[in-house]
There are 2 protein chains.
Amino acid sequence: MPADLDTVFSALADPTRRRILSMLLEDDMAVSDVADPFEMSLAAISKHLVILAGAGLITQEKRGRVKWCKLEPDALRDASIWMQSFGQFEAVNLDAFEAFLERELPSDG
Amino acid sequence: MPADLDTVFSALADPTRRRILSMLLEDDMAVSDVADPFEMSLAAISKHLVILAGAGLITQEKRGRVKWCKLEPDALRDASIWMQSFGQFEAVNLDAFEAFLERELPSDG
DNA sequence: TATATCATCAACCATATGGTTGAATATGGG
DNA sequence: CCCATATTCAACCATATGGTTGATGATATA
């Protein structure tokens with residue numbers, strides 16, 4: 001049951017949450033390791049993770065006292081499809097795509 | 001100068017605004033015609049249009065006393081590209097796409 | 001000119017959002 | 001058992017968001 005578009009798009013609207021997602025592209029992470037590079041409280045990050053999980057963009061699994069966060073890229077599917085319905089733009093230009101990632105991923109996801 | 005991802009995603013997070021975008025897929029529209037099918041004030045719709053314009057998703061041009069609204073689908077490009085960076089999902093399945101449009105476009109865009 | 005129409009502005013309101021801090025709740029290790 | 005670690009909870013705060021209404025500013029038309 002995919003989260004609705006409201007939930008997914010508003011989850012994606014926050015730069016902290018997008019940055020978390022891009023961190024999770026590398027590997028699954030514990031909550032406190034997700035929080036480490038941010039200059040905000042662990043509680044704040046914990047709330048962001050709840051929002052990402054509510055949107056289905058991540059899942060969380062507790063093992064011992066550590067809660068692991070895992071990216072769930074499929075949750076982007078419906079939103080992506082929705083965007084393609086406005087897709088008078090041609091299929092993504094791969095050069096532009098790589099340049100974009102180079103530019104955006106390090107800081108903002 | 002494309003609007004940033006924050007702006008685009010939060011513009012897309014509201015169902016009224018997505019519905020407006022799907023109406024504009026059909027044709028350019030005047031502000032009051034956009035407002036017609038909604039059960040909310042013209043002023044509220046006017047604010048939504050300002051937000052869509054701020055995200056670059058539409059442009060507005062005043063001719064006489066009528067302000068025309070036009071969809072600008074290119075503004076979705078960066079956001080779409082960003083989403084594809086999480087694109088472990090394969091290229092959009094066209095059957096699923098059409099089913100999705102059938103399901104979503106009439107009410108919610 | 002007088003009047004109606006198109007759209008925005010300004011002030012206001014309720015609720016949501018994103019952050020804080022300190023206490024509480026597991027769980028693991030010595 | 002005792003203590004440290006991992007995470008969330010609860011209360012709070014400032015600001016943002018999405019709506020309302022009534023006034024206002026342009027423009028078209030009789």
Side-chain angles (χ1 to χ4, degrees), chain A residues 3-24 27-71 107-109, chain B residues 3-24 27-71 107-109:
Chain A
D4 60 37
L5 293 174
D6 287 26
T7 310
V8 172
F9 280 128
S10 58
L12 294 177
D14 183 277
T16 298
R17 289 193 289 265
R18 290 198 307 279
R19 191 172 151 200
I20 290 173
L21 291 178
S22 66
M23 289 165 60
L24 291 175
D27 208 350
D28 300 356
M29 295 178 79
V31 171
S32 22
D33 291 333
V34 170
D36 248 7
F38 293 92
E39 294 187 339
M40 79 180 63
S41 69
L42 181 59
I45 296 296
S46 176
K47 284 190 197 175
H48 281 303
L49 291 170
V50 166
I51 290 169
L52 288 170
L57 292 164
I58 66 169
T59 49
Q60 296 182 287
E61 181 198 356
K62 195 169 181 182
R63 285 207 299 276
R65 45 182 180 182
V66 174
K67 200 166 189 178
W68 292 90
C69 305
K70 176 177 165 45
L71 191 64
S107 57
D108 189 33
Chain B
D4 59 38
L5 293 173
D6 286 28
T7 311
V8 172
F9 281 128
S10 58
L12 294 177
D14 184 276
T16 298
R17 289 194 290 265
R18 289 198 308 279
R19 190 171 152 200
I20 290 174
L21 292 178
S22 67
M23 290 165 60
L24 292 175
D27 208 350
D28 299 356
M29 296 178 78
V31 171
S32 23
D33 292 333
V34 171
D36 248 6
F38 293 93
E39 294 187 338
M40 79 180 64
S41 69
L42 181 58
I45 296 297
S46 175
K47 284 190 197 177
H48 280 303
L49 291 169
V50 166
I51 289 169
L52 288 170
L57 292 164
I58 66 168
T59 49
Q60 295 182 287
E61 181 197 358
K62 193 169 183 183
R63 285 207 299 275
R65 51 183 175 178
V66 174
K67 200 167 189 179
W68 292 91
C69 305
K70 176 177 164 45
L71 191 65
S107 56
D108 189 33

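Reminder, nothing fancy here: chain letters follow the sequence lines and each chain counts from 1.
A straight line from CD1 of I58(A) to C1' of dT7(D) spans 13 Å, rounded to a whole angstrom. Atoms CG (L52(B)) and P (dT17(D)) sit 14 Å apart, rounded to a whole Å. At whole-Å resolution of the value, CD1 in I51(A) and P in dT8(D) are 13 Å apart. With rounding to whole Å, H48(B) atom NE2 is found 12 Å from dT20(D) atom C1'. In this structure, the CG atom of D14(B) is 11 Å from the P atom of dT17(D), given to the nearest Å. The interatomic distance linking W68(A) (CH2) with dA26(C) (P) rounds to 21 Å, in whole Å. Counting to the nearest Å, the C1' atom of dG19(C) and the CD1 atom of I45(A) are 11 Å from each other.
Looking at heavy-atom distances under 4.0 Å, R63(A) makes no contact with the nucleic acid at all. The residue A30(B) sits close only to the backbone: its heavy atoms come under 4.0 Å of sugar-phosphate atoms, none of a base.
The heavy-atom pair separating T7(B) from G54(B) by the smallest distance is CG2-O, 3.9 Å. The two residues V66(B) and W68(B) come nearest to each other via the heavy atoms CG1-NE1, 3.4 Å. Residues V8(B) and A55(B) come closest through the heavy atom pair CG2-O, 3.7 Å. In plain terms, the two heavy atoms of M23(A) and D33(A) that are nearest each other are CE-O, 4.2 Å. Nearest heavy-atom pair, C69(A) versus Q60(A), reported as atom, atom and distance to 0.1 Å: SG-NE2, 3.6 Å. Closest approach of F9(A) to L12(B), counting heavy atoms only: CD1-O, 3.5 Å.
The stretch residues 31-42 of chain B touches DNA chain C through V31(B), S32(B), L42(B), each having a heavy atom under 4.0 angstrom from the strand.
For Q60(B), whose side chain is taken as the heavy atoms from C-beta onward, the closest listed nucleotide among dT8(C), dG19(C), dG18(C) is dT8(C).
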Output, in order, the C-alpha distance, side-chain angles, deciding distance and verdict of side-chain contact (heavy atoms from CB on, under 4.5 Å) for T16(A) and I45(A). CA-CA 9 Å; T16(A) 298; I45(A) 296 296; 4.2 Å; yes
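For S46(B) and dA7(C), the shortest distance from a side-chain N or O to OP1 or OP2 is not below 4.0 Å.
Below the 3.5 angstrom threshold, one finds no donor paired with an acceptor across the side chain of R65(A) and the base of dT7(D).
Both K47(A) and K62(A) lie near DNA chain D, and the one whose nearest nucleotide falls closer to the 5' end is K62(A). Between A43(A) and R17(A), it is R17(A) whose nearest contact on DNA chain C lies nearer the 5' terminus.
Rounded to 10°, the helix from dT1(C)-dA30(D) to dG30(C)-dC1(D) has 10° between the axis fitted to its first five pairs and the one fitted to its last five.
A distance of 9.5 Å separates CG of D36(B) from CG of L42(B), quoted to the nearest 0.5 Å. Note that CD1 of I58(A) and CD1 of I51(A) are 10.5 Å apart. Values are rounded to the nearest 0.5 Å.
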